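Before any comments, here is the structure.
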Amino acid sequence: MTISKALTIAGSDSGGGAGIQADLKTFQELGAYGMSAITAVTAQNTLGVHGVYPVSIEGIVQQIDAIGEDLGTDALKTGMLFSGEVIEAVSERIHHYGWENIVVDPVMIAKGGAKLLQDEAIRALKEKLLPLTSVITPNIPEAEVLTEMKISSLDDRRKAAKQLMGMGAKAVVIKGGHADDKEVIDLFFDGTTCEELMSPRIETLHTHGTGCTFSAAITAQLANGMTMRDAVLTAKEFIRAAIEDGLGIGGGHGPTNHWAYNKRGEK
Ligand SMILES: Nc1ncnc2c1ncn2[C@@H]1O[C@H](COP(=O)(O)OP(=O)(O)OP(=O)(O)O)[C@@H](O)[C@H]1O
Ligand SMILES: Cc1ncc(COP(=O)(O)O)c(N)n1
């Protein structure tokens, strides 16, 4: 039996809805063996981020090396990287191991407004990480920061996706969760085709960690050997089920249901 392996380099969310916790749950549900390198520990719940405790560069590099020198990985994703220094160190290690299937979720601000990436880090993200990226998955505000353009229309999203490809990413998904369209439109662009992936907008407060879960599902499916397009299509179904069958726990923005996609398949 071949084991698909997936690595997440991201922050820890004590509340379990976002960050490495969401990633590992998603990897497990999609049949990939999950591994992690933690970049920062957050004290967090559905009400917000109450504290951020960055891990030292040495500590992050040692975690990545522990995996690189022994287990290896078939795909990896990055989430909360927090600083330019972390981005540089992580990019250098990815390059060193020659890893492929690199999914970059450019996490900048938590739903509750807490800053998860320092401003000075944007340059490192563009210069060091984007050239190694197989797919980048910004939400609309993140795509605006990276491209320095205002994104209002669907056409703006297409232009932004092209610009991000020009910066080195091999594919782009601009997620539509933050737009006010009736349907949620995630724009997928791989250099040749530009596709609008539509699904009904679900009226719910419980969308904590949707971006983490979506990018983790892409990572797991790339580790499983799927093409980029198929991995993105599965991730869209995975997150749709996870939001639709929300758990309704916590007093604020609750987590999604990482069991939902497989539970539906069992029926
Ligand atoms: N209300 C919703 N109904 C249906 N799908 C949604 C909804 N909100 C988000 N999604 C889906 O979830 C995924 C993540 O989108 P979103 O734009 O919320 O990312 P994000 O802001 O990075 O998420 P987060 O920061 O919460 O982790 C996308 O595939 C999007 O289509
Ligand atoms: C450790 C960590 N990583 C990512 C997010 C983004 O998720 P959200 O925007 O839903 O708060 C988060 N809140 N915490």
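Quantities reported herein were computed from a predicted structural model and do not represent experimental measurements. One-based numbering, in listed order, for ligands and for the atoms of each.
Considering backbone and side-chain N/O of F214, none are found under 3.5 Å from N/O of ligand 1. Inclusion of D186 in the set of residues having an N or O under 3.5 Å from an N or O of ligand 1 is warranted. Residue T210 places at least one N or O, backbone or side chain, under 3.5 Å from an N or O of ligand 1. Backbone and side-chain nitrogen or oxygen atoms of I202 are examined, and one is located within less than 3.5 angstrom of a nitrogen or oxygen of ligand 1. Residue T204 has no nitrogen or oxygen atom sitting less than 3.5 Å from a nitrogen or oxygen atom of ligand 1, judged on distance alone. Checked by distance only, ligand 1 and I109 stay at 3.5 Å or farther apart across all their nitrogen or oxygen atoms. Residue H208 has no N or O atom closer than 3.5 Å to an N or O atom of ligand 1. An N or O contact shorter than 3.5 Å links K175 to ligand 1 by distance. Where the criterion is an N or O separation shorter than 3.5 Å, residue side chain and backbone included, K236 meets it with respect to ligand 1.
Contacts of L116 with ligand 2, taken as heavy-atom pairs under 4.0 Å, involve the side chain alone. When non-hydrogen atoms are compared, ligand 2 lies under 4.0 Å from the side chain of C212 (C-beta onward) but not from its backbone. Using a 4.0 Å cut-off between heavy atoms, Q44 contacts ligand 2 through its side chain alone, with no backbone atom that close.
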Checking side-chain hydrogen bond (donor to acceptor under 3.5 Å, both in side chains) for the pair N224/S4: CA distance, chi angles, key distance, verdict?
-> CA-CA 6 Å; N224 287 333; S4 313; 2.7 Å; yes

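Every atom of ligand 2 with a heavy atom of G11 under 4.0 Å away is listed here by number and element: 1 (C).
If you check each of A10, A22, A18, S12 against atom 7 (O) of ligand 2, the one with the closest non-hydrogen atom is A18.
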